[in-house]
Amino acid sequence: MSERQPASAPFRAACITLCSGRDPARNIEAASDLVRDAVADGAQIVFTPENTLVMEAGGRQIFEVTRPEDETPAVSQLAALAQDLGIWLSVGSLAIKVAADKVANRSFLMGPDGRIHARYDKIHMFDVELPNGETYEESRNYRPGGEAVVADTPFGRLGLTICYDLRFPHLYRALAKAGATYLTVPSAFTQVTGKAHWHVLLRARAIETGCFVFAAAQSGTHENGRKTFGHSLIVGPWGDVLADGGTQTGMVTADIDPARVSEARGRIPALQHDRDFGLPDA
């Protein structure tokens with residue numbers, strides 16, 4: 001995959017399912033092993049989930065295991081892995097320290113040349129109290145991003161998002177209008193919200209935009225006690241599920257035909273039909 005291929009050429013993609021713990025080195029080793037498995041199965045672009053580096057509850061613990069980007073070994077290790085395997089690697093997110101009291105939840109797109117081709121900091125923060133008593137307050141420790149990101153690849157343009165972004169459809173519409181034909185949604189969805197909403201939201205984002213959606217997921221019970229839903233999905237632009245990783249760690253692949261994007265958008269050209277409208281009083 002070191003040579004650029006026409007955007008219309010079919011390719012194979014893979015999504016990795018992890019159960020990340022508190023040890024960054026062990027998590028990166030597990031992710032790297034599964035990336036190699038995916039490439040052995042023919043994958044030319046591989047997606048890992050949110051929190052690939054570490055799954056930590058927050059508080060002071062997250063600051064003890066995170067570093068600035070240029071001091072985070074996983075960044076150079078994964079870039080070197082992409083170069084060694086000759087693939088595109090979409091790292092769902094690594095926790096990157098950006099201030100003494102703030103971390104960025106940052107996606108990376110790495111190319112077969114070993115370079116970082118795009119970075120994206122998660123925009124929307126998951127602050128919620130669930131009915132089962134679970135509480136999440138990402139904004140306490142994480143700094144939200146402020147820029148939507150689309151990156152060029154040999155396969156077409158890739159729009160980057162992370163997890164809770166999934167609930168904000170205007171972001172995905174903006175990415176599609178900026179030329180994205182593929183969308184990433186690396187995630188660590190809770191079991192409660194995942195069971196209720198994961199499949200339907202991902203299918204909806206694909207249908208609304210006419211894009212392929214790649215959603216690598218965390219799954220299982222983590223060292224910090226959090227339980228995640230799993231089900232890494234690859235969804236086609238007509239909303240069909242092409243691959244579902246279930247609840248086990250591992251990887252799934254699907255053969256992607258980029259021509260399906262123009263086909264879906266031709267049948268439902270909704271991206272061309274936006275109209276301005278007035279808003280009702282609050």
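- In this structure, the side chain of R119 does not engage the main chain of I116 through any donor-acceptor pair within 3.5 Å.
- Heavy-atom minimum distance, L34 versus M251: O-CG, 4.3 Å.
- For the atom pair L201 CG and E208 CD, the distance stands at 9.0 Å (nearest 0.5 Å).
- Side-chain atoms of T249 never come within 3.5 Å of backbone atoms of C19 as a donor-acceptor pair (strictly under, hydrogens ignored).
- The six-membered or imidazole ring of F229 lies away from that of F189, with a centre-to-centre distance of 6.0 Å or more.
- Aromatic rings of F47 and Y182 (six-membered ring for Trp) have centroids beyond the 6.0 Å cut-off, not under it.
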What pairs of donor and acceptor atoms, side-chain ones from residues 155-163 against any protein atom, are under 3.5 angstrom apart with sequence neighbours left out?
residue : atom : partner : partner atom : Å
R157    : NE   : D152    : OD1          : 2.9
R157    : NH1  : A178    : O            : 2.7
T161    : OG1  : Y172    : OH           : 2.8
T161    : OG1  : T184    : O            : 2.5

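- Judged by a 6.0 Å distance limit and a 45° cone about the ring axis, R267 is positioned over the six-membered ring of W238.
- Residue-environment remark: NZ (K102) exceeds the threshold of 12 foreign heavy atoms within 6.0 Å.
- Under the side-chain hydrogen bond (donor to acceptor under 3.5 Å, both in side chains) criterion, D41 pairs with T253, sequence neighbours left out.
- Proximity of a side-chain donor or acceptor of R12 to a complementary backbone N or O of G42 within less than 3.5 Å is not detected.
- In this structure, D240 and R260 have side chains that are in contact, with non-hydrogen atoms separated by less than 4.5 Å.
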Only pairs under 3.5 Å count here: list side-chain donor-acceptor contacts from residues 77-87, not counting sequence neighbours, and write none if there are none.
residue : atom : partner : partner atom : Å
Q83     : NE2  : D113    : O            : 3.4

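- L166 CG to S187 OG: the interatomic distance, rounded to the nearest 0.5 Å, is 6.5 Å.
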Requested in this report: Would you check, one step at a time, whether the test side chain to side chain donor-acceptor pair (under 3.5 Å) holds for R22 with H222?
Outcome: CA-CA 8 Å; R22 286 173 159 159; H222 303 266; over 6 Å; no
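- A donor-acceptor distance shorter than 3.5 angstrom exists from the side chain of N27 to the backbone of L53, with no hydrogens or angles considered.
- Ring geometry, F214 versus F212: the interplanar angle falls under 30°, so the pair is classed parallel (tilted spans 30 to 60°).
- Among all heavy-atom pairs drawn from R265 and C211, the shortest one is NH2-SG, 3.2 Å.
- Each of S107, S232, S93 was scored for a side chain to side chain contact (heavy atoms under 4.5 Å, CB included) with P186, with one residue passing: S107.
- To the nearest 0.5 Å, atoms OG1 (T48) and CD (Q218) are separated by 8.5 Å.
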